[in-house]
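Scroll down for the structure; my scribbles are underneath it.
Heavy-atom basis, side chains included; hydrogens, waters and symmetry copies ignored. Whatever order the structure lists ligands and atoms in, that order sets their numbers, starting from 1.
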Amino acid sequence: MGKDIDVTKVVRQHLETEQFFTGGFTVKAKTQQQEDDMDIAEKTKGLEEIADEVRQCRKCPLGSLRTNAVPGEGSPNARIMFIGEGPGADEDAQGRPFVGRAGQLLDKVIAAMGLKRSEVYIGNILKCRPPENRDPRADEIISCLPYLQSQIEIIGPEIIVALGAHAARTLLNTTKPIGQLRGQFHEYYAGLGRPPIKLMATYHTAYLLRNYSPENRRRVWEDMKKVLAELGLPVPEKGKD
Ligand code: SF4
């Protein structure tokens with residue numbers, strides 16, 4: 001009979017040899033889930049950095065008139081970004097986008113699409129409220145747009161929904177009226193070397209509230225159905241009022 005084998009010693013030697021060749025670390029391939037988590041963490045960090053910058057920003061006169069800046073909110077991995085023109089009184093008071101009556105209607109539109117508000121991203125061209133909700137001025141848009149461009153770059157949505165004429169015209173660099181722009185896909189130019197992003201223009205929910213006709217509601221719903229179809233998501237037959 002040969003010598004008894006000391007199993008513990010053999011195992012220890014094996015582990016020590018392994019450690020020697022692997023530098024003491026257990027090498028594991030990253031799972032897709034771990035990579036996705038890292039991706040979301042990086043995107044979240046990038047969006048938070050932009051939000052911090054926006055809250056300190058005084059690049060245009062609106063910075064000294066606001067109560068709160070409204071950087072935008074939602075999923076860093078959103079497939080859809082809803083973009084309006086600028087915060088109103090409720091948004092200025094709370095520092096969150098689309099929280100007033102127009103925001104509640106947008107929530108209904110999103111719910112009718114079968115989505116949650118937390119699954120999409122909601123923001124504006126301007127991050128600070130223009131006084132009396134007047135239209136954004138060119139110099140304000142020029143100062144503020146880089147923030148939104150960076151948010152779009154980080155999130156990388158498949159579709160941008162431009163809510164209202166100001167958002168649609170700014171993002172498409174056109175002067176056409178919203179009536180001509182809505183209802184069809186356009187391309188948002190995302191920058192050199194990047195593929196364009198599909199953009200659907202539709203009426204702003206504030207406009208819809210002021211002009212709450214069955215025809216206008218049907219138009220917005222038709223636009224959102226096209227967005228869902230383009231994303232390969234189920235298209236509910238009827239939208240909610
Ligand atoms: S509107 Fe935009 S550019 Fe003007 S102060 Fe606010 S964050 Fe800055």
Side-chain angles (χ1 to χ4, degrees), residues 42-78 80-106 117-118 120-157 160-175 178 181 186 188-192 194 197 199 201-207 209-210:
E42 269 172 34
K43 286 180 168 196
T44 304
K45 186 166 173 276
L47 291 172
E48 277 169 5
E49 282 170 4
I50 293 170
D52 286 344
E53 216 178 306
V54 162
R55 291 189 193 103
Q56 319 254 336
C57 181
R58 294 282 189 276
K59 282 199 288 178
C60 84
L62 298 180
S64 52
L65 300 174
R66 70 188 175 215
T67 309
N68 287 295
V70 184
E73 67 183 27
S75 167
N77 256 359
I80 310 175
M81 284 180 81
F82 289 89
I83 305 297
E85 65 187 60
D90 293 305
E91 291 76 18
D92 178 62
Q94 295 187 39
R96 295 182 56 214
F98 282 85
V99 287
R101 283 183 66 226
Q104 286 156 18
L105 184 54
L106 179 62
R117 184 172 162 121
S118 59
V120 302
Y121 194 90
I122 302 174
N124 284 300
I125 300 282
L126 291 185
K127 310 301 190 191
C128 303
R129 182 192 180 204
E132 308 306 319
N133 294 347
R134 65 155 168 75
D135 289 347
R137 291 183 180 148
D139 60 315
E140 295 160 354
I141 292 176
I142 290 166
S143 299
C144 209
L145 195 56
Y147 294 126
L148 177 62
Q149 288 168 330
S150 301
Q151 290 170 324
I152 293 172
E153 193 180 319
I154 289 172
I155 294 167
I160 294 169
V161 175
L163 297 162
H166 291 289
R169 287 182 191 156
T170 300
L171 293 173
L172 296 174
N173 195 18
T174 178
T175 54
I178 186 71
L181 294 170
H186 305 268
Y188 166 76
Y189 176 69
L192 260 187
R194 296 176 198 282
I197 298 171
L199 185 149
T202 194
Y203 294 133
H204 196 291
T205 44
Y207 170 86
L209 281 174
R210 291 194 302 272

Item to check | Residues in side-chain hydrogen bond (donor to acceptor under 3.5 Å, both in side chains) contact with Thr44, at least two apart in sequence or another chain | outcome: none
Next on the checklist: Strictly under 4.0 angstrom, heavy-atom based: which residues surround ligand 1?
Outcome noted: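 Near ligand 1, by chain and number: Cys57, Lys59, Cys60, Gly63, Arg66, Lys127, Cys128, Ser143, Cys144, Tyr147.
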Which pairs would a plain distance check flag for residues 162-172, meaning a side-chain donor or acceptor within less than 3.5 Å of a matching protein atom at least two apart in sequence or in another chain?
unit_1, atom_1, unit_2, atom_2, d
His166, NE2, Asp135, OD1, 3.3
Arg169, NE, Lys176, O, 3.0
Thr170, OG1, His166, O, 2.7

Could you pull out all donor-acceptor pairs under 3.5 Å where a side-chain atom in residues 50-58 meets a protein atom, sequence neighbours excluded?
unit_1, atom_1, unit_2, atom_2, d
Asp52, OD1, Arg55, NH1, 3.3
Arg58, NH1, Gly63, O, 3.4

Checklist entry - Which is it for Arg129 and Glu91 under the side chain to side chain contact (heavy atoms under 4.5 Å, CB included) test, yes or no, and what are the steps along the way? => result CA-CA 8 Å; Arg129 182 192 180 204; Glu91 291 76 18; over 6 Å; no
Checklist entry - Does Ala69 offer a backbone N or O that forms a donor-acceptor pair with the side chain of Lys127 under 3.5 Å? => result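 No; judged by distance alone, with no hydrogens or angles, the pair does not exist.
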Checklist entry - Checking Asp92 side chain against Thr67 main chain: does a donor-acceptor pair fall under 3.5 Å? => result yes
